[in-house]
Amino acid sequence: MNLRGRRGLAHTLNGPQELGHGPVFWVCFAAVTVAALAYPAFGSVFALSNLANFCLYVPMGLGLALLWGYNGVLSFGQSAFFAIAGYVYGVIAGNLIDVPGGSLLAVAGGLGASVLVAAVFGYFVFYGQVSGWIIPLLLLVLSLILETFMGQTAGYQWRVGSVLFGGYNGMTGIPSLQIGEWDFGGASTAFYYLVVVLTLLVYLGLRILVNSRYGHVVTAIKDDVERTRALGYNVNFIQIQVFVLAAALAGLSGVLYVSWGNYINPASMGLLSATLPVIWTAVGGRRSLLAVLLATLTLRWLADTLAVRGGEYAFLIMGVLLLATMLFFPEGIVVSLARRYGGWKAPTGAMNRSGSR
Amino acid sequence: MSLADLVSLVYQYLDNIAFLLLAALGLMIILGVVNVINLAHGELIMLGAYITTIAYHDANLPLPVCMLLSVLGVGLFGMALERFVVRRFYGDRLAALVATWGVSLILSQGALLALGPSMPSVPLPAWTLHYEGYSFGGYRLLLFAIALAAIIATWWVFYRTKFGIRTRATMQNPDMTRALGVDTRNIYLLTFGAGSALAGLTGALYAPTTTIVPLMGTQFVDVAFITVVVGGGANPIIGAIASAALLAGISTPLSSILGTFIGRIGLLIAALVIIRFLPRGISGYWQDLRYQRMARHSS
């Protein structure tokens with residue numbers, strides 16, 4: 001495969017592991033990008049802040065798409081990494097509020113904490129070579145235990161420096177990200193640009209990754225673990241790398257979320273929050289990054305609309321949507337449409353029998 | 001430590017074992033035979049508790065009859081779940097997890113919408129035993145006895161009935177079993193129903209001891225998942241007993257000294273360490289040892 005030079009990069013970007021090829025797709029992509037970047041010129045502050053809120057979940061969704069769709073490892077615990085990063089960011093940024101560059105340090109700390117937890121967890125499950133169902137189960141348990149723990153941290157004795165954990169009411173007054181003179185508060189245009197640019201970078205970066213040589217190995221692990229191992233790849237280590245990357249992306253979403261809302265509570269890693277990334281990925285179609293990106297934005301918008309009218313039905317509708325997708329569009333709705341009308345077929349191991357024992 | 005303290009510790013240990021066994025046994029049988037994890041297991045437990053509560057308060061039936069209704073009702077519901085949802089995912093176990101998670105959301109949110117945030121509680125049968133200043137709930141001891149009875153009943157079905165022989169054959173080699181004329185789809189359907197009925201039993205039994213809320217399933221599933229992961233699906237009976245005895249041994253001292261949260265964290269860490277060395281759980285390891293011994297004897 002030609003990976004050298006500019007033609008090589010364009011070639012990789014257009015590889016077979018992701019839907020959307022050819023001039024029409026890229027013209028549309030460029031048009032949407034320009035529209036998103038020009039939106040602050042005429043959108044209201046409220047609309048910008050809302051759109052930024054939808055976009056900030058995209059890294060978490062794309063991370064799960066990479067982990068589940070491309071590497072075959074399911075996770076019900078992305079919300080745990082989201083919340084760990086959010087809380088750690090809150091603790092550091094709250095204490096370093098007067099220090100210049102303190103919030104950047106907090107970003108590093110938040111992402112670092114997620115990466116560390118993911119690496120330790122990943123060591124045990126991937127080097128143990130456990131069966132596929134154990135990992136999502138234990139991650140769900142991790143998420144639930146952390147939620148219970150954070151829920152009982154009400155009171156003055158639960159604090160780090162000047163920052164209170166706040167129990168079920170959550171941590172409040174978390175300072176927004178600040179770089180130099182720019183304040184990336186939730187209602188600022190700067191934050192909107194930051195989130196849009198990060199979303200684009202994460203999408204294009206992952207698109208290059210899955211179509212690279214490394215990405216093909218990642219996909220090969222999903223199709224047949226033993227054969228990939230027999231070809232001499234360090235399967236366990238690659239799985240840990242992908243798992244850690246997905247956790248870091250969930251952590252990025254968590255950091256952006258607290259910078260947007262200045263607030264995080266234990267419900268952000270509870271059962272219902274843990275469900276959301278899985279729903280986005282399943283409904284969009286886990287074998288395509290673009291499908292998950294679209295599903296994340298659409299379902300975030302849907303959940304927001306439902307919360308305004310008839311919030312009590314929101315999770316029932318999400319559950320029905322998830323079950324219906326799994327029953328009638330097992331590949332995901334966007335991917336099924338792309339297959340039917342666009343002729344795109346996610347490359348899979350044709351001889352894949354690993355799940356049918 | 002006096003004798004009374006020791007008795008108290010043993011009582012707590014038995015109480016924890018009963019909880020782990022009852023929460024996990026159904027899930028483990030389904031994993032062992034059908035090779036699928038039902039993420040809606042907690043909601044099936046919730047359903048069992050609701051049936052008991054509603055039958056007790058609205059139909060004024062005696063408590064044991066209410067519990068029997070839970071077992072039957074949730075068992076039938078589980079069979080419907082297998083027939084219309086789970087059966088489609090036998091080729092892809094991760095998809096089965098996700099689909100049953102959709103079911104779990106629908107059940108818990110549906111219960112919240114249909115029946116409100118809480119239910120009137122069922123009175124706890126008031127039997128207490130007193131010993132040296134400690135008092136012990138007789139109902140808790142009854143729970144332990146029922147957990148043991150459930151294990152023995154499972155063993156009897158697996159090893160002393162024709163259905164059990166077919167089930168074990170299906171676990172070992174489904175293709176071969178089908179070739180011998182056994183309808184394995186029926187085995188899967190009935191096993192799923194039996195596992196669900198055990199969830200219904202658990203919900204019914206714990207209904208008098210906790211508050212009945214739509215999300216009550218979660219307090220059962222986190223320990224149930226750990227028990228299943230540690231026990232493994234290779235032999236549900238050995239796995240359930242060994243795993244519950246070991247995990248209760250870890251969590252009883254931890255939670256009585258350091259609190260429930262540390263107890264739960266201890267369970268999670270224990271699970272991670274155990275699967276690092278025994279990836280198929282205790283029963284998988286036990287099965288490997290047995291096969292090795294059989295191979296040595298035959299050579």
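Throughout, protein chains are lettered first and strands after them, A, B, ... in sequence-line order, and every chain is numbered starting at 1.
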Considering residues, nucleotides and ligands other than [X], do more than 12 of their heavy atoms fall under 6.0 Å from its [atom1]?
X: B:R185; atom1: CZ; answer: no
X: A:F165; atom1: CZ; answer: yes
X: A:F237; atom1: CZ; answer: no

Option in [options] with maximal non-hydrogen atom pairs under 4.5 Å from chain B:
options: A:A324, A:G72, A:A274; result: A:A274
options: A:I134, A:V125, A:L144; result: A:I134
options: A:I317, A:L322, A:L272, A:L321; result: A:L322
options: A:Y127, A:F315, A:F126, A:F149; result: A:F149
options: A:V320, A:L137, A:V141, A:L323; result: A:L137

Review point. Relative to chain B, which segment of A:L142 carries a heavy atom at a distance below 4.5 Å: side chain, backbone, both, or neither?
Key: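 Backbone plus side chain of A:L142, per the 4.5 Å heavy-atom cut-off to chain B.
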Review point. Which atoms of A:V278 come close to chain B, meaning under 4.5 Å heavy atom to heavy atom: side chain ones, backbone ones, both, or neither?
Key: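 Side chain of A:V278 only, per the 4.5 Å heavy-atom cut-off to chain B.
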Is [X] in contact with chain A via its backbone, its side chain, both, or neither, using a 4.5 Å heavy-atom distance?
X: B:L31; result: side chain
X: B:V36; result: neither
X: B:L39; result: side chain
X: B:R264; result: both
X: B:I106; result: both
X: B:L268; result: side chain
X: B:F89; result: side chain

At their closest point, which heavy atom of [X] faces which heavy atom of [Y], and how far apart are they?
X: B:L97; Y: A:P136; result: CD1-CG, 3.6 Å
X: A:G128; Y: B:P279; result: O-CB, 3.0 Å
X: B:L94; Y: A:G132; result: CD2-O, 3.7 Å
X: A:F124; Y: B:L272; result: CD2-O, 3.5 Å

Review point. Can you find a heavy atom in the side chain of B:V229 that is under 4.5 Å from one in the side chain of A:W133?
Key: yes
For chain A, the option from [options] that forms the most heavy-atom pairs under 4.5 Å:
options: B:V98, B:L113, B:D222; result: B:V98
options: B:L267, B:V103, B:V273; result: B:V273
options: B:T100, B:V221, B:L105, B:T218; result: B:L105

Exercise for review: Output the distance between atom CD (A:Q129) and atom CZ (B:R276), rounded to the nearest 0.5 Å.
Suggested key: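 Spacing of CD (A:Q129) from CZ (B:R276) equals 8.5 Å.
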Point to revise | Charged N-O contact under 4.0 Å between B:D92 and A:K222 | key: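 No, B:D92 and A:K222 are not salt-bridged.
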